[in-house]
Amino acid sequence: MVSTITDKAYIAGVGETEYVRGTPKGERQLILEASVAACRDAGVDPSTVDGVVMAWKDVPTNEDFIAALGITDLRFHAHVHIGGASPVAAVVQAAAAVAAGLAKRVIVATGHNFYSTTNRLSSAEQSPGGVGNVPGYEIRNNLENPAGLLAPMQWYSLHANRWFHETKADPAGMETVALTTRKHAQLNKKAYMRGRELTSEQYWASPTFVKPFHLFDICLETDGAAAVLVVSAEEARDMGKRAVAIAGGAEGHADSPDDLSSRPDILNMGITKAADRAFDMAGIRREEVDFAEIYDCFTFVVLRQIEEMGFCGRGEAPDFVSGGRIALGGEMPINTHGGLLSQAHVVGMNHVVEAVSQLRGEAGDAQVRNAHIGLVTGYGDFSDGSVVLLHN
């Protein structure tokens with residue numbers, strides 16, 4: 001067992017903005033608000049934060065955090081850019097910084113106005129050159145766009161269709177993920193899709209945008225931000241509110257990460273590598289996981305991560321998720337808050353927040369009974385992966 005960060009860093013505070021469609025606030029403001037909320041949740045004066053890790057976004061800058069939080073001595077900062085794998089990888093990076101003594105209180109934050117147009121944002125809040133965070137921009141722009149591959153659902157369909165072709169996996173597995181996460185969202189006051197139940201009939205009757213994706217296989221576009229505060233074990237012991245220990249974590253990257261068509265195995269994923277490292281570091285067995293918050297930009301991505309993390313073999317995930325196993329009350333509840341599919345798209349930071357809430361026993365009607373070990377994943381760009389294991 002590699003014990004690099006095991007129990008040397010804790011998540012002591014969580015913060016979220018409202019999850020909406022349409023906001024007058026820019027991303028910078030939302031992210032900073034969530035960061036302040038995480039400090040308040042931990043009972044920490046924001047000015048005493050000495051580390052910042054931004055996930056996926058370039059804004060806010062470290063200077064923005066210093067100004068907004070009143071930080072008097074920023075000792076460590078970093079930006080992590082691996083798409084939806086960034087928030088979980090950023091938590092691991094913050095834990096490593098704390099374990100190494102580089103900082104004691106590190107904010108990890110991200111957010112995005114996915115629904116509201118970026119045209120309203122100042123030029124300082126947009127990515128240089130207007131290319132955004134699209135992975136492998138030159139490949140996309142020069143090779144794929146002229147062929148009509150313009151959107152993530154089209155790119156991801158290449159992987160999904162190959163998976164179905166090779167494994168003969170049951171498409172009903174995607175329905176199970178969609179319906180289960182929507183059902184969980186009905187228990188979450190912060191979920192955008194609360195009050196909008198989903199039936200099997202509605203799922204199959206919805207339009208197919210790109211084979212094999214129906215409307216409800218695709219994540220939401222919402223506006224909002226979320227953050228967590230990672231602190232040292234010493235700091236955690238002194239805090240009144242129960243902190244959640246980081247048992248282990250890792251990131252991994254697919255072979256030929258940007259060029260799907262040239263990847264030796266298009267089903268190759270970074271999380272395959274990351275999961276073994278995270279479990280080994282934490283000294284936790286897969287069967288000990290009480291619940292999992294799995295990155296769900298598409299329903300099939302949940303199924304594929306379950307397989308590649310070693311919970312079952314390739315093509316077996318639809319059977320794994322059947323029979324209520326991933327529902328509340330099941331053997332391994334998944335995305336108990338509704339996930340990106342039914343709560344909100346905050347690049348997966350809301351998954352980390354939910355895991356902490358579960359391990360604190362603060363998840364309300366969606367609380368997993370006797371929750372002691374939680375798994376959170378990130379999936380970014382074209383199969384970058386990240387895993388963190390938490391326990392109370």
Side-chain angles (χ1 to χ4, degrees), residues 1-7 9 55 80 82-96 159 163 167 169 173 177 244-257 263 265-321 325-326 331-335 339-340 348-349 351-352 354-355 358-359 372-391:
M1 182 181 74
V2 180
S3 58
T4 310
I5 61 173
T6 303
D7 295 348
V80 180
I82 47 175
S86 300
V88 170
V91 169
V92 175
Q93 189 169 129
H159 181 146
W163 175 59
T167 67
V177 173
V244 170
I246 298 172
E251 68 179 70
H253 301 266
D255 302 334
S256 180
R263 189 176 296 174
D265 175 10
I266 198 172
L267 304 186
N268 175 268
M269 297 172 71
I271 205 161
T272 317
K273 306 167 186 176
D276 284 341
R277 290 196 281 264
F279 277 103
D280 287 347
M281 182 185 296
I284 290 172
R285 301 188 307 275
R286 285 158 176 78
E287 59 267 26
E288 294 179 294
V289 172
D290 295 312
F291 66 91
E293 312 299 341
I294 298 180
Y295 196 88
D296 54 334
C297 50
F298 296 88
T299 52
F300 102 95
V301 168
V302 175
L303 300 172
R304 290 291 296 118
Q305 288 177 89
I306 288 170
E307 294 176 354
E308 295 301 311
M309 285 191 290
F311 287 97
C312 61
R314 281 188 179 178
E316 296 175 359
D319 289 333
F320 181 90
V321 301
R325 173 180 266 157
I326 64 170
E331 182 181 335
M332 192 175 79
I334 285 177
N335 295 357
L340 274 64
M349 186 62 80
H351 289 54
V352 182
E354 173 67 9
Q358 287 287 347
L359 293 171
H372 298 296
I373 297 174
L375 166 75
V376 188
T377 76
Y379 175 96
D381 296 342
F382 295 108
S383 300
D384 293 329
S386 55
V387 178
V388 68
L389 287 153
L390 309 173
H391 73 89

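Atom NZ of residue Lys273 and atom NE2 of residue His253 lie 8.5 Å apart, to the nearest 0.5 angstrom. Rounded to the nearest 0.5 angstrom, Asn335 CG and Phe291 CZ are separated by 11.0 Å. The structure places OG of Ser256 at 11.5 Å from CG of Asp265, a figure rounded to the nearest 0.5 Å. Atom CZ of Arg304 sits about 10.5 Å away from atom CD1 of Ile271, to the nearest 0.5 Å. One distance of note links CE of Met281 with OG1 of Thr4; it measures 4.0 Å at 0.5 Å rounding.
Side-chain contact between Ile246 and Val388 is present, with heavy atoms from C-beta onward closer than 4.5 Å. Val387 places none of its side-chain heavy atoms less than 4.5 Å from the side chain of Val376. Leu267 places none of its side-chain heavy atoms less than 4.5 Å from the side chain of Glu307. Within the 4.5 Å cutoff, side-chain heavy atoms of Ile294 are placed close to those of Met309. Between Ser383 and Arg263 there is a side-chain heavy-atom pair separated by less than 4.5 Å. Taking the side chain as every heavy atom from C-beta outward, Val301 and Asp296 never approach each other to under 4.5 Å. Inter-residue side-chain proximity for Ile306 and Ile334 is flagged as met; some heavy-atom pair is nearer than 4.5 Å.
Distance alone, capped at 3.5 Å, places no donor-acceptor pair between the Asn268 side chain and the Ala254 backbone. The backbone N or O of Gly374 sits nowhere less than 3.5 Å from a side-chain atom of Asp290 that would complete a donor-acceptor pair.
For Ile82 against Ala89, the heavy-atom pair with the smallest separation is CD1-CB, 3.8 Å. Between Pro257 and Asp384 the shortest heavy-atom distance is CB-OD1, 4.4 Å. Ala282 approaches Leu389 most closely through the heavy-atom pair CB-CD1, 3.8 Å. Across all their heavy atoms, Ala85 and Ser386 have their closest contact at O-OG, 2.8 Å. Contact detail for Gly252 and Ala274: the closest heavy-atom pair is N-CB, 3.6 Å. The minimum heavy-atom distance between Trp163 and Gly315, with the atom names listed, is NE1-N, 3.6 Å.
Ring pair Phe320/Phe311 is tilted by interplanar angle, where 30° to 60° counts as tilted.
A salt bridge is absent between Arg277 and Glu251: the closest approach of a Lys/Arg side-chain nitrogen to an acidic carboxylate oxygen does not fall below 4.0 angstrom. Ionic pairing of Arg286 and Asp276 is present here: one or more N-O contacts between side-chain nitrogen and carboxylate oxygen are shorter than 4.0 angstrom.
Note: His159 and Phe382 fail the aromatic proximity criterion, with ring centroids not under 6.0 Å apart.
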- Please step through side-chain contact (heavy atoms from CB on, under 4.5 Å) for the pair Leu303 and Phe298, ending with a clear verdict. CA-CA 9 Å; Leu303 300 172; Phe298 296 88; over 6 Å; no
- Before giving the answer on side-chain contact (heavy atoms from CB on, under 4.5 Å), spell out for Leu340 and His351 the whole-Å C-alpha distance, their side-chain angles and the decisive distance to 0.1 Å. CA-CA 9 Å; Leu340 274 64; His351 289 54; 2.7 Å; yes
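Of the options Gln305, Glu293, Glu308, a side-chain hydrogen bond (donor to acceptor under 3.5 Å, both in side chains) to Thr377 is made by Gln305 and by none of the others.
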